[in-house]
Chemist: 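Please find one structure pasted underneath; my questions will follow.
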Amino acid sequence: AGIATQAVVERRLLEEEKKSRHDLGREGLVKRIWEWKEQYEQRILGQLRQLGCSCDWRRLRFTLDDQCARAVRETFFRLFQDGKIYRGKRLVNWDTFLQTAVSDDEVFKEPVKGHFWHFKYPVIDPRPGEPTHVTIATTRPETMLGDTAVAVHPDPAAALDGAVEALSRKRREAPAKEHGVIDVQIEAISGRRQTILPQLIQLRDMAHRGVKLRLPLTDREIPLIADEWAKPELGSGAVKITPAHDENDYAVGQRHPAIGAINIMNPDGTLNDGVPTKYRGLKMHTSARAAVIADMEAAGLFNPETDREDREIELPHSDRSKTPIEPYLADQWFVKMGALQHGQPKGMAIPKGYAKLSESPDGNMLVETPGLAQSAMDAVSDGRVRIVPERYGKTYLDWLGEKRDWPVGRQLWWGHRIPVWTRTFQNKTEREIVWKDALEVARQERNDEGNGCELYHEWNPDTIAGIAFVCINEGYPDLEAKAESLGFVREPEVLDTWFSSALWPHSTLGWPDETPELKAFYPTSTLVTSRDIITLWVARMVLAGLYNMGEVPFREVYIHPKILDGYGETMSKSKGNGVDPLDVIDKFGADALRFGLAYMATETQDVRMPVEFECPHCASVIPQTKKNRTLPQIECEKCGKAFGTQWAQSHGSEDDKRLPRGAVVSERFELGRRFCNKLWNASRFSLMNLEGHKTATGGRGEATKTATTGRGFMLEDRWILSRLATTTGQVTEALEAFRFADAARLLYAFAWNDFCDYYVEMTKARFAIPEQRPAAQRVLAQVLDALLRLLHPIVPFLTEEVWQLLARVAPNRGLAPTAIKASESVCIAAWPVADAAAIDAEIEAQFADFQAVLGAVRELRMGQNIPPREAVEFCVRCNEATAELLRPMQPYFLQMAKATPTGWGPRVTPPEVAASSSISGGRGGIEIYLDVSRFIDVGAETARLAKVLEQLRGFAKSMEAKLGNESFVSRAPAEVVQQQRDKLAETHGQITSMEAALAKLK
RNA sequence: GGGCGAUUAGCUCAGUUGGUUAGAGCGCUACCCUUACAAGGUAGAUGUCGCAGGUUCGAGUCCUGCAUCGCCCACCA
């Protein structure tokens, strides 16, 4: 509902119907915007649904619907009553053609040929030896009529030195060919120490003395002031200050409030009553400029021969009307962010949160209300609202700490119209009439609660000209009618979008009514948002929530990373580098998109995502570059046909828009797609093999005792259950801490590397053995069940589908002794709880030994180039305990490495012709000997062993060096030293056996 | 101008309180269509952890400076 919305609709209106908003009128335009909004709302909601966002769609709200509008008006009214809303002045970008303020976003700068004009301003009563004139330079001569000061630098010598230093620095970094140009600049500035510095120092001293100048063409005297904005290295070193018509001058005015500001422009760009009569009505940069120049020349203060330079000027233009922008001091509504002081009558209780500042002898008090900004700062400082990652708390606090008042009015038609009616008066008599009428409006209020109407007026103490305000709350149409009948006019402006957005957490729940929803859901738990609106939205929600509800709107704020394009730049429509999620969903699926995003959502970093265009004709992909992303059409390198781009949809011609559009895709989502595919296949396998699944009858001990009979739980069962329990705990922890990437990575590793690569693989052998089948089925169903639940928040569609299928073959889940009927849908299934009893470090270590032996066998096979289909034999030398554990794993070696173990234990005899490997683990090392008598490639094995030995020796050497270092041994913690010693001993053992194997080969 | 972040394999990124010779995915190489999955499996190659100092027995990790890139803010939504 922002400024962009109106701008888009206006642009389309102009393009398609050649109409401006004035042709339609306020109501007509707002109606059009509503239509546009309905259309895009459907599109956005469609995107959310396709993404699988699990929202309570019955509670859909829009910040401009009636319920939110009521909350907005109530809030504005309360703030107005509290004196927290006031009218002030603010410098805006004024479009004199459209007669509206435009945002900075809608301003573009264009170089225009212009001039630098040097004017002389006479000094009033200079002392002997002091200059009689000050020369100023300007590109906008007509603004001199609004000058309120002339500034010189407070320390011109230092400023000159600084400028020289900055240039020297630039010279050092610049390529040699630019040195000449920079040298000239340095020389020019250095030269100024002799030429104008003495005079600048003189002027500075005059400024400190309070010397005034006569502003030519007017009867005004303006002060000479010292301010750092005046750059001694530029122009004459003195600069005219026009606070009402220049941004930088406005800032100077803020630093020197005494100089004031004079607005010399009417909204249509003509000069107003603030200038001498003869200039009134002239156009700022045309007729007024010519008149000022002519008169300055006539006054002898400007010589067109010598005082005019040609110069290229970066002139700001309005993006909408393409006419030059005038900085303009406009009336503006503000919300007070700082503390406010009130008088408080004697005897009245001081409201909570107010501070008593003083008390007069008669007992009346001066109290201070806490400022809105401070209240929101406190909520974060004391932890009522926690921002994650923590560092963003600084952004929030720094911004609020400035306590800058919030300008809430916008020169738009689309939004919540400010509920204030005004009427101006010119003198004391009129003021009395107007105020009497205002009171008349207030009297219309039928109840006495005073929550329907609030009055206020302000005037210039000299002229008694001013304005009266009547603020009317929602639900008092009779007051509105009365106000209008008495000549009060409603403010045309609407409120800043963020004003209504700030109320979101409570306005959507029915506030100001005390609805059951409000009671149930406020404060909410977590806000998830982007860091660029921490100040604009998050801070405002907190302060609005505290103000209206007396309670923070949410407990936690999670700031997510941003997806950037391949160049690390923010995506935007104008850059043409955006990605439509629907493109990604089409090609990769919503689950892959979600998993990919979760996987990328790390805490510290934004995500760089290079994208490609997919040719709609031949499906070949073309990398997106800065060049081709803003072309109206792209020619496919492969098939030669042209296709359209997303950018062309808003910037291209009608022909361009009709071209088939190339989808924007990114291989970053391949990971998610592969993962989902893997999961789907693993699920299919499980479902195929769960026929006859029964929940356990084996009793409580089953899960914690390893069976040797083959009927109960085997090592791998206990291992996968242990891994599942560990993973469940870690994933839960990661999600609770908003570490989504960790959660995704943990689940990826568990599902792929543990579940698919090992557990599922091992069940194949067991399903072939009838007595082993039930236990394997139980564990398989159990692990799949838990995995689906763990993955569901990230991969909702696939998990739900599998869940439904799983319910058919295994309606009841769980291990002994309790089996539970599965929930109807995985999205309402309970979150898995990590079964602490299942976590078994011993089992995991033993299983790691199995994996290491299996890996060694596979590696030896590869080293000898043994064809995968060939069966081989091997034996393992290890201690008896390890042998005991590994022996039952025999079938898996056959299945997973096509290798049959022939012996286990400390006394095995290696085969005559062997390829061997020594691995750590199994408490004392494990040696694997692969019988390669039929395949022996002595050269390959020798080379492999030599390489392994080289690595081991290098490793041993570095450890020996470390242990030989006296200070390491004496200063490092004992366990670290011991760890090194143990490792070294083990490495020496490995070296010995590898050396023996190598010797045997020769 | 102010604030924040990043810099690790060809690419995109992990790397928890400092402690074995730094990891993943993609890409690359070799072999394999093994009955869930070739969108797969097994094995392999690939790094002056941006640069320069410092603290420490020990630094990708902590400190300082520099460089490069990016984001936010600068009375804009």
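First the proteins, then the strands, lettered A, B, ... as listed; each starts at 1.
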Chemist: For A:Lys947 and B:A45, is the shortest distance between a side-chain N/O and OP1 or OP2 below 4.0 Å?
Modeler: yes
Chemist: A:Pro407 side chain: which of B:C72, B:G19, B:C75 is closest?
Modeler: B:C75
Chemist: As a test of reading the structure: which of B:U42, B:A36, B:G19 is closest to the side chain of A:Met862, going by heavy atoms?
Modeler: B:U42
Chemist: Counting only Watson-Crick pairs (N1-N3 plus N6-O4 or O6-N4) and G-U wobbles (N1-O2, O6-N3), all under 3.5 Å, who is the partner of B:A24?
Modeler: B:U12
Chemist: Just N and O in the side chain of A:Arg745: are any of them under 4.0 Å from OP1 or OP2 of B:U16?
Modeler: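 So the side chain of A:Arg745 is outside the cut-off, no N or O lying under 4.0 Å from OP1 or OP2 of B:U16.
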Chemist: Does a side-chain N or O from A:Trp752 land closer than 4.0 Å to OP1 or OP2 of B:G41, or not?
Modeler: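 A:Trp752 to B:G41 OP1/OP2: side-chain N or O found under 4.0 Å.
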Chemist: Using purine N1 to pyrimidine N3 plus N6-O4 or O6-N4 for Watson-Crick, or N1-O2 and O6-N3 for G-U wobble, both under 3.5 Å, which nucleotide pairs with B:A39?
Modeler: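 Looking at the geometry, B:A39 pairs with no nucleotide.
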Chemist: Using Watson-Crick or G-U wobble geometry with both distances below 3.5 Å, tell me the partner of B:G60, or none.
Modeler: none
Chemist: Just how far, in rounded Å, is P of B:G23 from CG of A:Asp742?
Modeler: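 To the nearest whole Å, that distance equals 18 Å.
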Chemist: Scan A:Lys394 against the nucleic acid and name what it touches under 4.0 Å (heavy atoms): base, sugar-phosphate only, or nothing.
Modeler: sugar-phosphate
Chemist: State which residue, out of A:Val494, A:Ile33, A:Thr497, fulfils the side-chain contact (heavy atoms from CB on, under 4.5 Å) condition with A:Leu412.
Modeler: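 One option only clears the test, and that one is A:Val494.
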Chemist: Taking A:Gln864 for its side chain and A:Asp937 for its backbone only, find out whether a donor-acceptor pair lies under 3.5 Å.
Modeler: yes
Chemist: Using whole Å, report how far CD of A:Glu733 lies from P of B:U16.
Modeler: 15 Å
Chemist: Quickly work out the A:Arg858 CZ to B:A30 P distance and round it to whole Å.
Modeler: 21 Å
Chemist: Remember a base hit wins even if backbone is also touched, and classify A:Leu671 as base, sugar-phosphate or nothing at under 4.0 Å, heavy atoms.
Modeler: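 Sugar-phosphate only.
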Chemist: Out of B:G5, B:C37, B:G25, which nucleotide sits closest to the side chain of A:Tyr748?
Modeler: B:G25
Chemist: Looking only at atom C1', what distance separates B:U42 and B:C4, rounded to whole Å?
Modeler: 46 Å
Chemist: Should A:Arg674 be listed as having a side-chain N or O under 4.0 Å from OP1 or OP2 of B:G40?
Modeler: yes
Chemist: With P as the reference atom in both, quote the distance from B:G40 to B:U34 in angstrom, rounded to an integer.
Modeler: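 B:G40 and B:U34 have their P atoms separated by 16 Å.
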Chemist: Say you pick atom P in B:A6 and the same atom in B:A45; how far apart are they, in whole Å?
Modeler: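 About 32 Å, rounded to a whole number of Å.
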Chemist: Determine which nucleotide pairs with B:U55, using a 3.5 Å limit on both distances of a Watson-Crick or G-U wobble pair.
Modeler: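 Matched B:U55 with nothing under the 3.5 Å cut-off.
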Chemist: Under a 3.5 Å limit for both distances, which nucleotide forms a Watson-Crick or G-U wobble pair with B:C49, could you say?
Modeler: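 Across any shown strand, B:C49 pairs with none.
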Chemist: In whole Å, I'd like the distance from the CZ atom of A:Phe935 to the P atom of B:C31.
Modeler: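 My rounded result for the distance is 18 Å.
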Chemist: Separation of A:Arg981 atom CZ from B:U20 atom C1', in whole Å?
Modeler: 15 Å
Chemist: Should the pair A:Phe850 and A:Tyr892 be assigned to parallel (<30°), tilted (30 to 60°) or perpendicular (>60°) ring geometry?
Modeler: perpendicular
Chemist: Taking atom C1' of B:A6 as reference, at what distance in whole Å does atom OH of A:Tyr567 sit?
Modeler: 19 Å
Chemist: Just checking, A:Arg745 and A:Tyr599: is the charged tip under 6.0 Å from the six-membered ring centre and within 45° of the axis?
Modeler: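 So A:Arg745 does make the cation-pi contact.
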Chemist: Under a 3.5 Å cut-off for both distances, is B:C33 Watson-Crick or wobble paired, and to whom?
Modeler: none
Chemist: Please say whether the positively charged group of A:Lys764, taken as NZ for Lys or CZ for Arg, lies over the ring of A:Phe685, i.e. under 6.0 angstrom from the six-membered ring centre and within 45 degrees of the axis.
Modeler: yes
Chemist: Does A:Lys678 have a side-chain nitrogen or oxygen under 4.0 Å from the phosphate oxygens OP1 or OP2 of B:G41?
Modeler: yes
Chemist: Distance check, P atoms only: B:U16 and B:U8, in whole angstrom units.
Modeler: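 These two P atoms come out 16 Å apart once rounded.
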Chemist: Take atom P in B:C11 and the same atom in B:G50, then report the distance between them in whole Å.
Modeler: 14 Å
Chemist: Report the nucleotide, chosen from B:A43, B:C32, B:A39, that has the shortest atom-to-atom distance to any side-chain atom of A:Asn677.
Modeler: B:A39
Chemist: Is the count of non-hydrogen atoms from other residues, nucleotides or ligands lying under 6.0 Å from A:Glu691 atom CD greater than 12?
Modeler: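 Not more than 12 within 6.0 Å, no.
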Chemist: Separation of A:Asp532 atom CG from B:G5 atom P, in whole Å?
Modeler: 17 Å
Chemist: Rounded off to whole Å, could you give me the CD-to-C1' distance for the A:Glu966 and B:U56 pair?
Modeler: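 After rounding, the reported distance stands at 16 Å.
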Chemist: In terms of ring plane angle, is the pair A:Phe750 and A:Phe755 parallel, tilted or perpendicular, where the classes change at 30° and 60°?
Modeler: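 A:Phe750 and A:Phe755: parallel rings.
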Chemist: Heavy-atom nearest nucleotide on RNA chain B for A:Ser683 versus A:Ser967: which residue maps closer to 5'?
Modeler: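 Result: A:Ser683.
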Chemist: Base, sugar-phosphate, or nothing: which does A:Cys756 touch, judged by heavy atoms less than 4.0 Å apart?
Modeler: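 If one applies the 4.0 Å heavy-atom cut-off, A:Cys756 turns out to touch a base.
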Chemist: Measuring only the P atom in each nucleotide, how far is B:A24 from B:U68? A whole number of Å is fine.
Modeler: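 Per the computed distance, 34 Å lies between those P atoms.
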Chemist: Assuming nearest nucleotide by heavy-atom distance, tell me which of A:Arg953 and A:Met609 is located more 5' along RNA chain B.
Modeler: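 In this pair, the answer is A:Met609.
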Chemist: Considering only side-chain heavy atoms of A:Asp757, which listed nucleotide, B:G25, B:U42, B:C32, is closest?
Modeler: B:U42
Chemist: Look through every strand shown and name the nucleotide pairing with B:U17 as Watson-Crick or G-U wobble, where both distances are under 3.5 Å.
Modeler: none
Chemist: P atom, B:A52 versus B:G15: distance in rounded Å?
Modeler: 25 Å
Chemist: Among the nucleotides B:G19, B:G44, B:C71, which one has an atom lying closest to any side-chain atom of A:Lys562?
Modeler: B:C71
Chemist: Just checking, any donor-acceptor pair under 3.5 angstrom between side chains of A:Tyr567 and A:Asn577?
Modeler: no
Chemist: Is the phosphate of B:A14 approached by A:Thr602 (side-chain N or O, under 4.0 Å from OP1 or OP2)?
Modeler: yes
Chemist: Could you give the distance separating B:U61 and B:C51 at their P atoms, to the nearest angstrom?
Modeler: 11 Å
Chemist: Does A:Tyr328 reach the side chain of A:Asn263, with side-chain heavy atoms less than 4.5 Å apart?
Modeler: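 Yes, close enough: below the 4.5 Å cut-off.
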Chemist: Given B:G19, B:A36, B:U12, identify the nucleotide with an atom nearest to the side chain of A:Pro973.
Modeler: B:G19
Chemist: Return the nucleotide paired to B:G5: Watson-Crick means purine N1 to pyrimidine N3 with N6-O4 or O6-N4, wobble means G-U with N1-O2 and O6-N3, both under 3.5 Å.
Modeler: B:C69
